[in-house]
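This report refers to the structure that appears directly beneath it.
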Amino acid sequence: MTDPRRIALSTGVSLDVAVAGDPAHPAIIFLHGFPESHRTWRHQLPEFARDYLVVAPDQRGYAASDKPPTVEEYAPARIVADLIALADALGIGRFTLVGHDWGGAIAWMAALNHPDRIDRLIICNAPHPLVFQRSLFDDPAQRAASQYMTRFRDTTLDKGLVGTGLEHFFANGFARFVTRAIAGEDRAAYLDEWANPGAMTAMLNWYRASPIIVPAPGETPQRPAWLDGPFPPVTQPTLVIWGVQDQALLPVQLAGLGDYVPDLTVVEVDAGHFVPWEAPEAVNAAIRGWLAPSAR
């Protein structure tokens, strides 16, 4: 996998970005989630660089990319702006967008707001914004599974996430959501990325800047009116790859999804939340088959 290069964006941040493949080929941009980096896609980038231009940034706040100081600078609209600015910086017009976890949340939003730029959408274990917010009000199991978001919004958490605290977070806040052991080079890479000054706070600021409401179990907060009103459809052909052992995002996230994504293909994979590297062969096969001209 190619080493990342530094790219300054018109949004005012500089990101480390892995780029591979022929610039003359169609582009695919890959967006990672929490608490990862471009390495989320270490099994996808070499595969698809054979016939696509592949681009995978360390998003703002992550690894060695820039870390703006305020929570507001991690609002989803800022991250979407980074994506479009990155495509502009690389001379990419329309592209296929792939997102996992928080990267998938950004991908959904980008597809809704920039249909002129995003040709096709591929989502890996990341919920549609309306389906997710509605589930947090209506599905007790999903509400319970999402309480970690409230914990991550507590800024007192940050001071413990240094030194040996990172080891504790790895074992108790990350590895327990993974269906296979992480060791050696992969484990060392996580700890190295998290140890960048300000990285843990910056990564957690994505949760703090998000408008998603996470009610406490048993709470009955006022229901946002938009949950039961019309919602714009995703107009792009969309592939959703779902690791069905995900303990954070439950199968309810697939229920009724086709109502908001008219051109939808769903592929379920026997893996956990981190499906791009827990089941890379299945993910690559699903993407490759879906992108094939005969399948479109």
Side-chain angles (χ1 to χ4, degrees), residues 10-11 25-33 41 44 48 51-57 59 75-136 210-212 224-242 249 251-269 275-276 283 286-296:
S10 60
T11 53
H25 288 166
I28 306 179
I29 299 181
F30 293 81
L31 301 180
H32 69 83
W41 310 107
Q44 285 73 47
F48 292 97
D51 41 8
Y52 293 89
L53 172 66
V54 297
V55 178
Q59 300 203 74
R78 301 283 188 99
I79 317 297
V80 171
D82 286 347
L83 166 66
I84 300 303
L86 175 60
D88 290 344
L90 293 172
I92 296 170
R94 291 178 64 78
F95 55 93
T96 295
L97 181 59
V98 185
H100 171 252
D101 186 75
W102 264 116
I106 297 303
W108 283 118
M109 184 174 174
L112 286 163
N113 286 281
H114 296 278
D116 58 319
R117 301 297 296 275
I118 297 164
D119 188 40
R120 291 173 292 192
L121 183 65
I122 300 173
I123 298 291
C124 300
N125 283 71
H128 181 280
L130 175 63
V131 175
F132 185 47
Q133 184 63 91
R134 187 179 287 164
S135 73
L136 292 174
S210 168
I212 289 289
W226 65 272
L227 285 188
D228 302 302
F231 198 86
V234 171
T235 57
Q236 295 90 343
T238 300
L239 170 65
V240 171
I241 300 171
W242 205 267
L249 296 167
V252 68
Q253 300 309 324
L254 299 178
L257 184 56
D259 294 342
Y260 308 103
V261 189
D263 189 347
L264 175 66
T265 301
V266 176
V267 174
E268 296 185 359
V269 176
V275 65
V283 169
I287 295 175
R288 179 68 71 183
W290 185 77
L291 289 175
S294 60
R296 301 304 312 141

- Using the salt bridge (Lys or Arg N to Asp or Glu O under 4.0 Å) rule, collect all pairs that involve residues 100-113, keeping only residues at least two apart or in two chains. none
- Task: Determine the sole option in T11, I106, L112 for which the side chain to side chain contact (heavy atoms under 4.5 Å, CB included) test with V80 is passed.
- Result: I106
- Backbone N/O of T96 and side chain of R120: donor-acceptor pair under 3.5 Å: no
- Note on the structure: Heavy atoms of L227 and Q133 approach each other most closely as CD2-CG, 3.5 Å
- Answer yes or no: is there a side-chain heavy-atom contact under 4.5 Å between W242 and C124? no
- Query: With a 4.5 Å limit on heavy-atom distance, are the side chains of H100 and L31 in contact?
  - Reply: no
- Measure the acute angle between the ring planes of Y260 and F231, then classify it against the limits of 30° and 60° as parallel, tilted or perpendicular. perpendicular
- Quick one: does P76's side chain get under 4.5 Å of P211's, heavy atoms only? yes
- Message: I want to check something: taking the side chain as every heavy atom from C-beta on, are V240 and L257 in contact at a cut-off of under 4.5 Å?
- Response: yes
- Query: Checking side chain to side chain contact (heavy atoms under 4.5 Å, CB included) for the pair D82/Q59: CA distance, chi angles, key distance, verdict?
  - Reply: CA-CA 8 Å; D82 286 347; Q59 300 203 74; 6.0 Å; no
- Task: Kindly write out the residues that satisfy ring pair (Phe, Tyr, Trp, His ring centres under 6.0 Å) with W108, not counting sequence neighbours, or none if the list is empty.
- Result: H128
- State the CG-CG distance between L264 and L239, to the nearest 0.5 angstrom. 8.5 Å
- Please walk me through it: do V98 and I29 pass side chain to side chain contact (heavy atoms under 4.5 Å, CB included)? CA-CA 6 Å; V98 185; I29 299 181; over 6 Å; no
- Query: Do R134 and L136 touch side chain to side chain, with heavy atoms closer than 4.5 Å?
  - Reply: no
- Hey, are the side chains of F48 and I287 touching, using non-hydrogen atoms and a 4.5 Å cut-off? yes
- Sequence neighbours excluded, the answer for side-chain contact (heavy atoms from CB on, under 4.5 Å) partners of D51 is R288
- Message: According to ring pair (Phe, Tyr, Trp, His ring centres under 6.0 Å), who are the partners of F30, at least two apart in sequence or on a separate chain?
- Response: W41
- Query: What pairs with P127 under side-chain contact (heavy atoms from CB on, under 4.5 Å), at least two apart in sequence or on another chain?
  - Reply: F132, L249, Q253
- Query: Just one of I123, I122, L83, T238 clears the side chain to side chain contact (heavy atoms under 4.5 Å, CB included) bar with L97, so which one?
  - Reply: L83
- Item | side-chain contact (heavy atoms from CB on, under 4.5 Å) involving P233 - partner list, sequence neighbours excluded | P262
- Message: Minimum heavy-atom separation for A255 and V131, please, with both atom names.
- Response: O-CG1, 4.3 Å
- Query: Are H114 and I84 close enough that some pair of their side-chain heavy atoms sits under 4.5 Å apart?
  - Reply: yes
- Query: Checking R117 side chain against A87 main chain: does a donor-acceptor pair fall under 3.5 Å?
  - Reply: no
- Inter-residue atom distance Y52.OH - Q44.CD, 0.5 Å rounding: 14.0 Å
- Task: Determine whether Q236 and D263 make a side-chain contact, defined as any pair of heavy atoms from C-beta on separated by less than 4.5 Å.
- Result: no
